[in-house]
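Structure first, commentary second.
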There are 2 protein chains.
Amino acid sequence: MLTKRRAELLGLVVDEYIDTAAPVSSRALAARHGLGVSTATIRNELARLEDEGYIAQPHTSAGRVPLDRGYRLYVEELMAEEPVGLNEQRTIAHQFHQAEPRLDDWLSLAATLLAGSVTNVAVIARPQGQAARLRHVQLVELTVDSALVVAVLEDGRVLQRIVSLTQPLDQDALAAVARRLSARLAGADAAEGRAVAEELLGDEQRIALATAELIDDSRQVGETYIEGLRAALEQPEFSSVERMLEAVRHLQAYELLHTLPDPQQIGRGTTRVVIGHENGSAWLQDWSMIVSAFGDRDGPVGTIAVLGPTRMRYGYTIPRVRYVAALISSLLEHAHR
Amino acid sequence: MLTKRRAELLGLVVDEYIDTAAPVSSRALAARHGLGVSTATIRNELARLEDEGYIAQPHTSAGRVPLDRGYRLYVEELMAEEPVGLNEQRTIAHQFHQAEPRLDDWLSLAATLLAGSVTNVAVIARPQGQAARLRHVQLVELTVDSALVVAVLEDGRVLQRIVSLTQPLDQDALAAVARRLSARLAGADAAEGRAVAEELLGDEQRIALATAELIDDSRQVGETYIEGLRAALEQPEFSSVERMLEAVRHLQAYELLHTLPDPQQIGRGTTRVVIGHENGSAWLQDWSMIVSAFGDRDGPVGTIAVLGPTRMRYGYTIPRVRYVAALISSLLEHAHR
DNA sequence: CCTAGCACTCTCCGGTCGCGAGTGCTAACT
DNA sequence: AGTTAGCACTCGCGACCGGAGAGTGCTAGG
C-alpha cells in the first residue's frame, strides 16, 4: 500500500522533476522541502515507490524520474492546481472580444494564446462530417510513373488522389492491384486501411496508404490550428536532433487530427489527461495530452488540446485548457443568439 | 579574370557540393568528371577561385565549399536548369483542377505541392492593404503586470494590443514611456520601430516591439501558407540542435511575411534569387530564397517563395517556383472570366 | 603550363581515466 | 520497528590523448 508519506514524497518528486527536468535525488528532496527525515529514510521510501512502479532511475547511480504511473497518480490526487488568475482571465478574454467575431479567428487566436500561456503545443481541431468506410478501389493509369487512386465509399462518395509510382505498372497490373486491395479493404475505415498497408510493400503499399488517406479525407477535415511548436521544442526533452525531428515530423495537422479523440467522446466541460503510453500512437509514448471539448448547447463541435512532454506542468496547464475551452464555448453561445 | 576553365570548375564544385553537402576535394572533381588534367592542376585553379572569393575551405586541410559569391555566379551563368517535365506538370496541374476553385485552397495546395517537390520550405503570402506609419503611442494601465499599447497611425487608424510587463509600472511611469517612445517612433514604419526597439531594454523594449508589430498589423496581414518545414529540417545543415531551433524560431508566418519582398517589386513572370548575405535579416545569412509573384492582369497580388539552405538545388527549384507561380496566375485569370 | 611527389595540417574517432553524484546496504541508535 | 550515519560501489560525463585519414600547398622536374 501507498502510505501517506510515500504519496507526498511522490508528489514532491514529480514537482521537482517537472521543475528541473533532471533526475531527483534524495538530497535535493531533503534540501528543498524540510521534511523531518534524513536522506537515508527518503532513499528507502523512494526504493519502495520504485518497487511499486511509480518512479524509476535512468541508471543505477542516478536520482528518480517519474513513470507514467507516477504522473497518473500525481494528476489525480497529488498535484496542486494553479487556477487561472483574474488578471490572466481578463487579458485573455480581452483579446477575444477585440478580435473579429468569426469562429475561425477565435480558434486561431485561442491556439496562439493557449500555446503561449502553457509553453507547449496547442491544437484546436474542428472535424466535420462523418468518417465513412470503403466500398472499393480502382486504379487508373495516368503516366508511366503515376496513377490515379479512386476510392468509392459506402455512402456513395467518390474521392480520388494521384500517387506516384516507383515502378512502371500498366493498366492490367493496376487492375490486379486494385482487385486485391478492394478485397482486403472492403468495409475498412482509415485505421484498418493503414494497418493493411503496413503489411504490404513498395507501390502496393503506397497505393493502400493513399486509399486509407482518402477514407480519412471523407471526414472532410475541418480546420486544425497548431501553435507553439517552437515553444515546445525549446524544452530539454528535445535537446537531441533525432527527438526534435521526430516531433516536427509528427506534429502536423493531418496526423494530429486523427490522434485527438472525438469531441463527442469527451463532452463539454470535462478535461481529460492522457499520459505517455496511455496514448495509442507509438510516437506519443513520451508525450502527454490534455484534451477538452468546446461547443454550444447543441453539443461539442471541436477539440482543444495541449501536447507536451510527459514532464508537463499539469497543475498549470489543465486549468488553462479548461478555461479556454469554456471561453470559446461561451463565445459560441453568445454568438448564436 | 575568370577563365573559362575556372568557371567550369566552379560550376562543378557547386554541383558537387549541392549534391553531397561535404567540402569538395580536387580528387573528387577529377574522379567524377574526367577533366583532362591532374588533381594538382585542379588544386591550383581552386586556389585561384578561392583568392577571387568564390569558394573557401572550412579549414586548412579540407576541400572547398562555395561562398555566396560562388553561388551567385553559378545561378547566373553556370547552372543547368532542370525544366519541369510534362508528367510533373500534369500531375501538379491535375491536383489544382481537382481542388475547390477557391483561391485560399489553391494557395494552400500550391504551398504543399511546391514544398514537397523541392524538399524545402515553401511560403506563399498574400499581403493585403498598405503598411502605414506611426503618429504616436499611448499606454494604458490594465493590471499590475500588463498594459494596453495603443498605436495611432498616420492614416488615422487606431490599433491596440496587450503587453505583459515584467515590472509593475503605474500610469505615470507608463505615460513617461509613451512620451519617450512617441518622440522616437513618430513617422516610423515597422522596420524602423524594430530597430529602435533593439536599442532599448526590458519592458520599454517590449512595448516598443509591440508598437512595431502594431504598425505591421496595419498591413492587415492576409493569408500566409508555410509548408515543408519538416522536409527542410531533414537536411544536413540542420544537424545541430541550435541551428534547427533557430530555423523553427524564425520560420513563422509573421516573420516571413515581413521578410519577403513585396509582390509589386518582383513583377509577374520574373523569378528572383536571393542568396545568403544578400538577405537583409541576420538569421537568413545562410539561407537562400527563390521568389516569384503571382496575380492576374491587374497586377501581382501575392508572393510565392522557396526558402532553403544556400546549398540548394537552384537549377531544380527555380523552374518549379516559376511554374507554380505561373500556374496560379493562370488559374486566377481563368477564374476571373 | 602541367604534374608527380612529399611534407604538413587539421579533423575525427576511439579509448582511457578521474571526478562527482547518487545509490543501496549495513550496523548502530531511539 | 523505524530512523540514521557511514561507506563501498556504480555509472555517466567530460577531458585528454594519439593515430589514421583526408586534403592541401609547394617544389622540382617534364
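In what follows, chains are A, B, ... by sequence order, proteins preceding strands, each numbered from 1. Quantities reported herein were computed from a predicted structural model and do not represent experimental measurements.
Computed from C1' positions of five pairs at each end, the angle between the two local axes of the helix from C:dC1-D:dG30 to C:dT30-D:dA1 equals 20°, rounded to 10 degrees.
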- Each nucleotide of nucleotides 20-30 of chain D classed B (base within 4.0 Å of a protein heavy atom), S (only sugar-phosphate) or -, in 5' to 3' order, makes --BBBB-----

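Salt bridge annotation for A:Arg72-A:Glu278: present, with a cationic side-chain nitrogen under 4.0 angstrom from a carboxylate oxygen.
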- Item | A:Met312 vs A:Val306, side-chain contact (heavy atoms from CB on, under 4.5 Å): CA-CA, chis, key distance, verdict | CA-CA 10 Å; A:Met312 182 198 275; A:Val306 165; 4.2 Å; yes

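Put simply, the side chain of B:Glu81 reaches to within 4.5 Å of the side chain of B:Arg322, judged on heavy atoms. Counting heavy atoms from C-beta outward, B:Tyr314 and B:Ile290 have side chains that approach closer than 4.5 Å.
Counting to the nearest Å, the C1' atom of D:dT3 and the CD1 atom of A:Ile42 are 12 Å from each other.
Along DNA chain C, the nucleotide nearest to B:Thr41 and the one nearest to B:His59 differ in position, and the one closer to the 5' end is contacted by B:Thr41.
Between B:His250 and B:Trp283, the ring planes lie parallel to each other; the angle is under 30°, not in the 30° to 60° tilted range.
No side-chain N or O of A:Gln285 forms a donor-acceptor pair with one of A:Asp68 less than 3.5 Å apart.
Open room surrounds CD on B:Gln167; 12 or fewer heavy atoms of other groups in view lie less than 6.0 Å from it.
Across A:Thr271 and A:Ile318, no two heavy atoms sit closer than the pair CG2-CG2, 4.1 Å.
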